[in-house]
Amino acid sequence: MSEHDGKRAEEHGDTRDEQREERGESGNGLRKELLQEVSAPASVPTAQDAPEPDPGPEPEAEDPEPRLSGRQRLVQGLWPPRLSRAQLIVAVLLFGLGFGLAVQVASNSDSDSALRGARQEDLVRILDELDDRTQRLEDEKQGLEKQRDELENSSDQAEEARKQTIEKERQLGILAGTVAAQGPGITMTIEDTKGTVEADMLLDAIQELRAAGAEAIQVNGVRVVAGTYLTDSGNGVSVDGNKITAPYRFKVIGKPQDLEPALNIPGGVVQTLEKEQATATIERSTKIVVDALRAAKRPDYARSSSQ
């Protein structure tokens with residue numbers, strides 16, 4: 001190696017040493033600065049020094065109650081139900097009224113269905129019977145009004161009152177069965193060869209005749225009055241304790257045009273007897289005599305209010 005090369009190597013070595021020293025000094029300087037920063041107490045920023053946070057955009061005010069549709073408001077108003085005591089009472093009363101109307105409509109429907117199945121001649125007969133009853137009531141009303149006018153206009157009111165009293169006594173005697181009676185009417189004969197006719201069937205016939213305007217009734221020699229009762233008695237029927245047997249013969253005074261249709265209405269007395277294998281024959285007459293009498297019975301407790 002030449003001197004020139006040796007010098008150049010020494011220069012390079014010196015340069016490298018200087019660079020290493022500079023790096024060491026700089027490294028030591030960095031270490032010292034880091035140690036000073038770590039060992040120095042951290043400064044805590046105060047509330048005044050701290051930057052105020054950005055409030056940012058204010059949130060929109062929310063609606064406290066969501067908007068409801070009309071149907072939702074209706075549902076909330078109806079459910080759950082809020083009933084007071086008065087409303088509950090009214091609801092119960094309305095329920096009872098509705099139930100009563102339903103029962104009435106059902107009963108009317110049943111009667112309408114029964115009439116709907118009747119024949120035309122039967123419907124005409126029922127209408128005629130209703131018209132006759134209306135006319136009979138109107139005649140009775142006019143008779144009473146006539147009696148009132150006679151009492152008011154008569155010069156001798158005492159004599160007129162006596163005549164009307166006698167006439168009234170005769171009429172009441174016919175109804176009570178204490179005097180004989182005669183007039184137009186019908187005769188009904190019931191043949192019962194099978195022994196199936198019972199007391200309730202004869203009672204239905206009496207009630208139907210009374211409703212049709214019968215004024216006097218006699219059955220096999222026994223006068224029928226307001227207090228008459230019928231019971232079954234062996235192979236016959238007992239009327240007010242008097243036993244009678246078939247054939248049962250009814251003598252009835254009244255308007256024949258009313259009495260006969262009343263017995264022949266659909267589902268009436270005649271059809272009921274036919275179902276029991278019994279036959280009923282009805283004859284009209286201009287003169288029926290009802291001569292079976294009942295003894296006048298004095299009431300035990302009732303007395304006239306005029307005494």
Considering residues, nucleotides and ligands other than [X], do more than 12 of their heavy atoms fall under 6.0 Å from its [atom1]?
X      : atom1 : value
Glu283 : CD    : no
Gln142 : CD    : yes
Lys168 : NZ    : no
Gln271 : CD    : yes

Any side-chain heavy-atom pair of [X] and [Y] under 4.5 Å:
X      : Y      : result
Leu97  : Phe99  : no
Val179 : Glu169 : no
Ile206 : Phe250 : yes
Tyr248 : Leu202 : yes
Val252 : Thr187 : no

[atom1]-[atom2] distance between [X] and [Y], expressed to the nearest 0.5 angstrom:
X      : Y      : atom1 : atom2 : result
Leu203 : Glu198 : CG    : CD    : 12.5 Å
Gln257 : Ile186 : CD    : CD1   : 11.0 Å
Gln182 : Thr286 : CD    : OG1   : 10.5 Å
Asp200 : Gln207 : CG    : CD    : 12.0 Å
Glu208 : Asn264 : CD    : CG    : 10.5 Å
Asn220 : Asn242 : CG    : CG    : 10.5 Å

### Query
Can Leu259 and Ile282 be said to form a side chain to side chain contact (heavy atoms under 4.5 Å, CB included), step by step?
CA-CA 10 Å; Leu259 299 175; Ile282 301 174; over 6 Å; no
### Query
Any link between Ile190 and Ile288 through a network of hydrophobic side chains (Ile, Leu, Val, Met, Phe, Trp, Tyr) touching at under 4.5 Å?
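Looking at the clustering, Ile288 is in a separate group from Ile190.
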### Query
Do Met188 and Ile253 sit in the same hydrophobic cluster, where Ile, Leu, Val, Met, Phe, Trp and Tyr count as joined when their side-chain heavy atoms come under 4.5 Å apart?
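The answer is no; the residues belong to distinct hydrophobic clusters.
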### Task
Please assess Asp204 against Thr272 for the test side chain to side chain contact (heavy atoms under 4.5 Å, CB included), listing each intermediate value before the final yes or no.
CA-CA 10 Å; Asp204 290 341; Thr272 302; 5.9 Å; no
### Salt-bridge contact Asp240-Arg223 (side-chain N to carboxylate O under 4.0 Å)
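Here Asp240 does not pair with Arg223 in a salt bridge, since their nearest N and O are not under 4.0 Å apart.
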### Message
Is it the case that the side chain of Asp232 and the backbone of Ala199 share a donor-acceptor pair, with hydrogens and angles ignored and the cut-off at 3.5 Å?
### Response
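Side chain of Asp232 to backbone of Ala199, a donor-acceptor pair under 3.5 Å: yes, one is there.
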### Task
For the pair Ile217 and Val290, evaluate side chain to side chain contact (heavy atoms under 4.5 Å, CB included) and give the outcome as yes or no after the intermediate values.
CA-CA 7 Å; Ile217 304 174; Val290 176; over 6 Å; no
### Considering all heavy atoms, the nearest Pro256-Ser285 contact
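Closest approach of Pro256 to Ser285: CG-O, 4.2 Å.
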### Task
Grab the two heavy atoms, one from Lys251 and one from Val289, that are nearest each other, plus how far apart they are.
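Of all heavy-atom pairs spanning Lys251 and Val289, the closest is CD-O, 3.6 Å.
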### Query
Can you tell which of Val197, Asp192, Thr279, Thr196 makes a side-chain contact (heavy atoms from CB on, under 4.5 Å) with Leu273?
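Among Val197, Asp192, Thr279, Thr196, the one that satisfies the side-chain contact (heavy atoms from CB on, under 4.5 Å) with Leu273 is Val197.
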### Name of the residue among Arg210, Arg284, Arg136, Arg133 meeting salt bridge (charged side-chain N to carboxylate O under 4.0 Å, His left out) with Asp258
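Of the listed options, the one satisfying the test is Arg136.
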### Query
Do Asp139 and Gln135 have side-chain atoms, one donor and one acceptor, less than 3.5 Å apart?
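A donor-acceptor contact under 3.5 Å links the two side chains.
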